[in-house]
Amino acid sequence: MLNVDPPFRPVRARDGYLPLEDFGLVGDGSTAALVGLDGSIGWMCLPRFGSEPLFCGLLDHARGGHFTVAPDGLTEARQRYEPDTGVLVTEMRGPAGLVRVTDALLLRSGADLTDDAPQSRSELVRSALVLDGDVRLRVDLEPRGGALTRALFSGLEIQVPRRPDLRLHLRSNLPLDSLHTTHDLHRGDRLDLVLSWGRFHRHHRFDAEAMLRGTADAWRRWMAGFAYAGPQEPLVRRSAITLKLCDDWANGSLVAAPTSSLPAPIGGVRNWDYRYTWIRDAAYAVFAMRRVGFGGEADAFLGWVLDAFERSGSPRIMYDLDGRPVPDEIEDAELEGYRRSAPVRWGNGAADQRQHDVYGEVLDCADQWLRAGGELEPALWAGLSGLADAAEKAWIQPDQGIWEVRSEGRVFTYSAAMCQVALDRAAVIGERLGRSEKTAGWRTSAEKLRRLILEESWDEDAQTLSEHLDGGGGLDASLLALPLRQVVPADHPRMVATTAAVAGRLSAGGGLLYRYLHDESPDGLPGDEGAFVLCSFWLVDNLTAQGRLDEAAELYDVLCRRASPLGLLSEQIHPSTGEFMGNFPQAFSHIGIIASGVNLARAAAGGPA
């Protein structure tokens with residue numbers, strides 16, 4: 001649960017790995033780093049989110065590399081963010097003293113985070129201050145594969161054999177003669193470290209406090225645009241910042257998570273690279289960010305989606321941050337995986353899957369783009385019209401569905417529903433643009449498909465909609481998204497029954513939901529998984545739209561209490577232990593926090609959810 005003034009707690013690693021709940025995220029709109037409760041940075045990709053990681057001790061504590069600043073004899077620690085910022089504070093207690101380490105990926109002086117432009121200085125600052133007693137502070141900087149150093153510009157130039165493309169430099173206010181040093185410090189003493197890549201700021205005054213202050217100020221200027229009056233306001237604020245930390249500020253794209261291959265579950269093989277942009281994330285992210293005051297980020301993401309579609313000529317389910325194809329999926333046999341959960345994967349093999357929901361995702365983005373005052377060029381409208389025509393025929397063809405199953409395709413209800421969205425939004429856009437030659441046909445097809453979904457996916461014996469339109473379907477939590485995409489009203493009797501069925505049969509306990517049951521809905525992969533956090537927020541939204549506000553509010557509070565002390569959430573949660581599972585932090589989970597909070601606040605005020 002988010003705690004802005006958390007108590008100290010023991011630092012406990014299992015098999016050399018901290019729990020995911022014991023990490024904080026810092027970022028600069030180009031990349032991000034995970035900072036552990038033990039003072040280690042075990043994940044940072046340079047120079048961008050999708051680059052090879054410089055430190056990935058998170059995936060192999062012995063060989064992955066890390067950047068650690070911590071007292072010898074560390075016993076307990078706590079973490080918090082500077083309010084309304086992406087600046088992280090870790091306080092660590094040793095045998096004879098207490099040290100505070102402040103971490104940030106630095107932003108340019110006067111940075112404007114509302115601007116669609118790079119704001120990064122390409123620098124990481126780690127600033128240690130002894131708050132009490134005496135501390136022997138250990139500094140270890142160990143890139144994956146090792147490094148060579150030489151003295152340069154009042155610091156150390158670092159050469160990483162694995163990464164000849166990187167030009168690294170480490171500066172400090174205290175003498176450094178290697179990447180592994182120990183410093184005996186007393187109360188009031190400081191150790192400031194700045195790791196730079198790209199251009200070195202050798203002529204700038206070395207003032208870590210001023211750099212941190214300028215970065216915090218930039219974050220607070222951006223957060224001045226935050227607008228929300230509803231439940232769990234501190235967590236919603238933090239979730240907005242977390243989404244911004246997952247955003248590529250120059251392009252407007254959003255990574256699903258800044259990490260790769262964090263397993264769900266531990267010891268399983270469901271380890272995927274999430275450092276890319278899924279088109280389906282766009283509509284949900286745009287809804288969330290626009291409704292808490294960040295219309296600029298919403299518009300940038302919508303524009304990025306339309307640009308990526310127009311460049312590629314055909315819709316893809318995901319792209320890299322520049323709108324190009326995602327790299328092929330490969331396995332990295334050198335790394336043992338988080339808590340020995342191999343394989344570690346780079347790239348994503350689902351990128352070339354057939355997933356028909358992409359038609360609706362792109363056209364829904366185009367509709368939201370126009371509603372926000374954007375324009376569509378004739379060539380783009382021609383491409384979008386072609387998507388609607390394709391959706392009219394595609395829905396009946398098998399695909400891999402929203403959950404990207406690695407088994408044989410089926411006709412998934414959610415995919416068909418998103419083809420209905422494609423037809424509906426195309427008709428709306430055509431009428432708005434005065435291009436009505438096809439709108440009547442699209443509207444007719446959309447209504448026919450909506451009725452067919454309600455009829456053909458209905459399981460009379462189970463009294464619920466099912467996951468497939470081609471018979472034999474189990475229950476799937478993605479059915480809860482149908483009202484959110486305006487395919488079926490939330491208060492339709494069959495949707496009410498489906499909500500009850502999902503809440504009962506897919507319950508993992510404690511307000512958590514499984515996506516589906518593996519014995520009923522095999523997905524081509526061995527093993528089970530944890531509870532999928534976003535699905536529970538979808539349940540909140542359905543309860544809210546059905547007028548069951550007390551139930552919705554109670555479930556929302558239960559889910560929000562699942563967040564880490566820093567207010568972060570992973571993709572999945574272990575139902576029995578509460579441990580975080582899967583890539584972290586997960587943008588979808590934080591979208592759920594914001595969207596469900598907004599819907600509850602609107603319903604409580606008497607407006608539409």
Side-chain angles (χ1 to χ4, degrees), residues 20 232 235-236 238-240 242-243 246 254-259 262 264-265 270 272 274 277-289 291 317-318 350 355 357 361 401-405 412 414 417-418 467 475-485 490 498-499 502-503 506-516 523 529-545 552 555-564 567-575 578 580-600 609:
L20 297 182
Q232 298 286 341
L235 183 59
V236 173
R238 178 49 51 190
S239 291
T242 301
L243 286 182
C246 292
L254 180 81
V255 294
T259 55
L262 292 177
R270 299 168 184 267
W272 316 114
Y274 275 18
T277 299
W278 272 252
I279 296 299
R280 75 170 59 94
D281 292 6
Y284 291 109
V286 164
F287 175 93
M289 294 302 279
R291 281 157 181 78
I317 64 171
M318 70 178 88
Q355 295 179 26
D357 69 308
E361 306 295 357
I402 182 176
W403 304 129
E404 301 176 352
V405 300
F412 285 96
Y414 181 84
M418 291 308 298
E467 65 179 335
L475 194 57
D476 179 348
S478 70
L479 297 167
L480 295 176
L482 301 190
L484 311 184
R485 310 314 291 268
T498 299
T499 302
V502 169
L506 297 185
S507 174
L512 300 174
L513 293 176
Y514 295 111
R515 295 186 292 179
Y516 45 85
D523 58 12
E529 59 182 10
F532 201 84
V533 174
L534 180 65
C535 295
S536 292
F537 286 111
W538 285 348
L539 179 56
V540 171
D541 295 336
N542 277 263
L543 295 173
T544 301
L555 177 57
Y556 183 69
D557 286 343
V558 166
L559 296 173
C560 289
R561 288 199 292 272
R562 296 277 187 175
S564 74
L568 303 178
L569 277 173
S570 58
E571 178 187 44
Q572 299 182 25
I573 292 176
H574 192 291
F580 286 1
M581 300 163 53
N583 283 306
F584 171 84
Q586 176 80 359
F588 245 168
S589 299
H590 291 276
I591 289 168
I593 290 172
I594 297 172
S596 294
V598 168
N599 288 334
L600 274 168

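These numbers were taken from a predicted model, which means no experiment stands behind them.
For the side chain to side chain contact (heavy atoms under 4.5 Å, CB included) with R280, the lone residue among M318, M418, Q355 that qualifies is Q355.
Looking at residues two or more places apart in sequence or on another chain, you find a side chain to side chain contact (heavy atoms under 4.5 Å, CB included) between D523 and R270, V405, Y516, H518, L525.
Residues H590 and L568 are in side-chain contact: their nearest non-hydrogen atoms beyond the backbone lie under 4.5 Å apart. Between L569 and R562, some side-chain heavy-atom pair lies under the 4.5 Å cut-off. Looking at V533 and L559, their side chains never come closer than 4.5 Å, going by heavy atoms from C-beta outward. The shortest distance between side-chain heavy atoms of V236 and I593 falls below 4.5 Å. Side-chain contact between S478 and C535: absent, with no pair of heavy atoms (C-beta onward) separated by less than 4.5 Å. Considering only heavy atoms from C-beta on, P483 comes within 4.5 Å of N542 through its side chain. Within the 4.5 Å cutoff, the side chain of V502 has no heavy atoms near those of the L539 side chain. Here the side chains of W278 and E361 are not in contact, with every heavy-atom distance at 4.5 Å or above.
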Could you walk me through whether L480 and L513 pass the side-chain contact (heavy atoms from CB on, under 4.5 Å) check? CA-CA 11 Å; L480 295 176; L513 293 176; 4.1 Å; yes
Would Y556 and N599 count as a side-chain contact (heavy atoms from CB on, under 4.5 Å) if you check the C-alpha gap in whole Å, the side-chain angles of each, and the deciding distance to 0.1 Å? CA-CA 11 Å; Y556 183 69; N599 288 334; over 6 Å; no
Might you work through the side-chain contact (heavy atoms from CB on, under 4.5 Å) test for W538 and F532, ending with a clear yes or no? CA-CA 11 Å; W538 285 348; F532 201 84; over 6 Å; no
Is there a side-chain contact (heavy atoms from CB on, under 4.5 Å) between R485 and Y414? Walk through the geometry before answering. CA-CA 10 Å; R485 310 314 291 268; Y414 181 84; 3.4 Å; yes
What do the steps show when you test W272 against E571 for side-chain hydrogen bond (donor to acceptor under 3.5 Å, both in side chains), and what is the final call? CA-CA 12 Å; W272 316 114; E571 178 187 44; over 6 Å; no
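Taking each heavy atom of A288 and I594 in turn, the nearest pair found is O-CG2, 3.5 Å. Taking both residues in full, the closest heavy atoms of L235 and A563 are given as CD1-CB, 4.1 Å, listed atom of the first, atom of the second, then distance. The minimum heavy-atom distance between P585 and A257, with the atom names listed, is O-CB, 3.4 Å. Residues L555 and L543 come closest through the heavy atom pair CD2-CD1, 4.2 Å. Nearest approach of C246 to P258, heavy atoms of both residues: SG-CD, 4.0 Å. Closest approach of A508 and P575 over heavy atoms only: O-CB, 3.4 Å.
The distance from the OG atom of S507 to the CG atom of L512 is 8.0 Å, given to the nearest 0.5 Å. The CD atom of Q572 sits 11.5 Å away from atom CG of L20, with the distance rounded to the nearest 0.5 Å. Within the model, atoms CG of L484 and OH of Y284 stand 5.5 Å from one another, a figure rounded to the nearest 0.5 Å. If you take OH on Y274 and CZ on F588, they are separated by 9.5 Å, rounding to the nearest 0.5 Å. The CD1 atom of I279 sits 10.5 Å away from atom CG of D357, with the distance rounded to the nearest 0.5 Å.
Using a distance-only test at 3.5 Å, with no hydrogens or angles considered, a donor-acceptor pair links the side chain of T277 to the main chain of L254. Judged purely by atom type and a 3.5 angstrom limit, S536 uses its side chain to pair as donor or acceptor with the backbone of G511. Without hydrogens or angle criteria, T544 side chain to A552 main chain gives no donor-acceptor distance under 3.5 Å. A donor-acceptor pair is defined here as one N or O able to donate and one able to accept, closer than 3.5 Å; such a pair exists between the side chain of T259 and the backbone of F584.
Using a 3.5 Å distance cut-off with no hydrogens or angles, the side chains of E467 and W403 do not pair a donor with an acceptor.
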